[in-house]
K.L.:
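First the structure, which I've put down as structure tokens, then a few questions once you've had a look.
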Amino acid sequence: MPIRLHDSMTRSVRELKPAHDDGVFRFYNCGPTVYAPAHIGNFRTFVVNDVIRRLLELEFGPGKVKHVRNLTDVDDKTIKRARDAGRPLADVTRQWTAKFHADCLALNCLRPHVEPTATDHIREQVDMIDVLLCKRHAYRTPDGSVYFRVSSFQEYGELSHLQERELRLGSALAGKPQPADADEKEDGSDFALWKAWKPEDGDVKWPGPDSAAAGRPGWHIECSAMSKKHLGDNIDLHTGGEDLLFPHHENEIAQSECCNGVTFANHWYHSKHLLVDGKKMSKSLGNLYTLDDLTAKGFSPMAVRYALLAGHPSKQLNFTLDSLHAAESALETLRKYKAELMFNLGKDAAGFAAVQQALHDDLNTPAALGALFSIVNRGAKNVDPNSFEAAMWALGFDLAKTNAPKSEAPAGVIALAAKRWAAKQAKDFTAADALRRELTAAGWSMLDRKDGYSLEPLKH
RNA sequence: GGUGCGGUAGCCAAGUGGUAAGGCCGAGCUCUGCAAAAGCUCUAUCCGGCGGUUCGAUUCCGCCCCGCACCUCCA
């Protein structure tokens, strides 16, 4: 069953297929900048891309997909972070890379086959810049920086569908302060390939392209260089969040195609942003969540994954704490269904085919979840457990990870619970009820069973 | 100003030219000292508004209202 996915370049839904003779599907996903913990908006993109990766493997075979996702470990933000903390750049980026990996693991995202970093590919970036200089697609400025000459690339703006007029005088620009390098550039839409060292960069610098100053690469060039190195000049799919469409991906196309002379990517996919409570996430609104923020509230990472997949990746998704509660409950239902399946081995192998069918149809994750529960609601009889497992794998749900980690109850709460249990055994229900109210006030719920009880924190 | 996306039940969210998936919440019942869990059942005469096309539109077209995003380094 072919995978069909929206293509930002043609603005149409097209089939994904490897274009190269070796049959390996070349997949590049723009990764995070490692200067702080990623927020759930970032993770929407990475979880969606993880589902794409899984579908590709199911379709073409595990050995026939090469998934590359970069780590941006040198840019204004990382440098500022290191400078403010008085720590070496590599130290800071190592810390946040580790955090990113831990979060991805918790969200059950498969590791990309290659995770290149910008600082490990300075040579490759410089080489590309040299070629662009040589071909007159780039020029040096007096301070030793290098810029890409946008006017030298006819197709510029094709992906974002921005016309030259809009690129130059978008009114959003009108009120904004001009970038510091505005005077240096031949044209306002030119962008930096190489940034000459400045005092605030501290010890962050590398030898530059031919006759340019020492400094560091511009942001866009890293993806062009790493994509070229690990996947070749022409790749099958390039993805990222919607904000990357312009200018990042537009610039990547310009650099790569001017350098390599061939089409950069055959297919582009951009997932839409996450909103929280109907608004764009921002620190000032207090609605910016990291994974840790949510697990601290008692939610499981798997519920976060579920909630992130509950909306169509091509549409903005409104994330709320209520949606996390819904996700947690839904996963619990799946866990019980799975347990039931184990005692009810059926043979209907096609059982959950509808789930993958929905995913193959432009990554319709909400429809896939709908199909999933429609089948689950029919009961476990006759269903082949392998079919269920395949659906879980495609969505990346690890049901063993469903339950939120149980917090340890404080000693006072444990004592109250013990007292209540004793009162209950003595059939002193008045006292037992009073103690239950005390436990509730303390933020805990006591769950009775025939032979004992357990304690759970109340969710808020 | 330019470029896009969207407005479907209390919340989240699919979808279709022929009459509304799914999840959550809620309600009722069974069970149960209480609470929870579990099981069963129910929950949009209607898809932002107004026109148009059509035998028929939530689904196509036009206009309007509202929300969101991008427009040079935010996934």
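These numbers come from the heavy atoms of this one structure, side chains and all, not from hydrogens, waters or symmetry mates. First the proteins, then the strands, lettered A, B, ... as listed; each starts at 1.
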K.L.:
Round to a whole Å and report the spacing from CZ of F319(A) to P of rC11(B).
P.N.:
18 Å
K.L.:
How far, in whole Å, is rA21(B) from rA14(B) if one measures between their C1' atoms?
P.N.:
6 Å
K.L.:
Given side-chain hydrogen bond (donor to acceptor under 3.5 Å, both in side chains), test H137(A) with R149(A) step by step and report yes or no.
P.N.:
CA-CA 5 Å; H137(A) 286 296; R149(A) 182 178 282 125; over 6 Å; no
K.L.:
With rounding to the closest Å, how many angstrom separate the C1' atoms on rG15(B) and rA57(B)?
P.N.:
14 Å
K.L.:
Describe, in one word, how the ring planes of W219(A) and H248(A) are oriented to each other, choosing from parallel (under 30°), tilted (30 to 60°) and perpendicular (over 60°).
P.N.:
parallel
K.L.:
Of K424(A) and Y306(A), whose closest RNA chain B nucleotide lies nearer the 5' terminus?
P.N.:
Y306(A)
K.L.:
Looking at R420(A) and rG33(B), is any side-chain donor or acceptor paired with a base atom of the opposite kind under 3.5 Å?
P.N.:
yes
K.L.:
May I ask you to test the D103(A)-F46(A) pair for a side-chain heavy-atom distance under 4.5 Å?
P.N.:
no
K.L.:
Output the rounded distance in Å from CZ (F191(A)) to P (rC73(B)).
P.N.:
13 Å
K.L.:
Hey, does the side-chain of R437(A) have a donor or acceptor N/O within less than 3.5 Å of a partner on the base of rC34(B)?
P.N.:
no
K.L.:
What integer number of Å spans the P atoms of rC73(B) and rC66(B)?
P.N.:
30 Å
K.L.:
Specify the residue among S271(A) and A330(A) whose closest nucleotide of RNA chain B lies further upstream toward the 5′ end.
P.N.:
A330(A)
K.L.:
When you get a sec, tell me which of rC25(B), rA13(B), rG33(B) is the closest nucleotide to the side chain of F429(A)?
P.N.:
rG33(B)
K.L.:
Using atom C1' of each nucleotide, how far apart are rU59(B) and rC40(B) to the nearest Å?
P.N.:
35 Å
K.L.:
Rounded off to whole Å, could you give me the NE2-to-P distance for the H270(A) and rC70(B) pair?
P.N.:
14 Å
K.L.:
Could you tell me how far rA36(B) sits from rA44(B) if I compare only their P atoms? Round to whole Å.
P.N.:
25 Å
K.L.:
Is there a Watson-Crick or G-U wobble partner for rG22(B) with both distances under 3.5 Å, and which nucleotide is it?
P.N.:
rC12(B)
K.L.:
Roughly how far apart, to the nearest Å, are rC65(B) and rG49(B) at atom P?
P.N.:
15 Å
K.L.:
Please determine whether any donor N or O and acceptor N or O are separated by less than 3.5 Å between the side chain of D433(A) and the base of rG33(B).
P.N.:
yes
K.L.:
Would you mind reading off the distance between H273(A) atom NE2 and rC70(B) atom C1', rounded to a whole angstrom?
P.N.:
9 Å
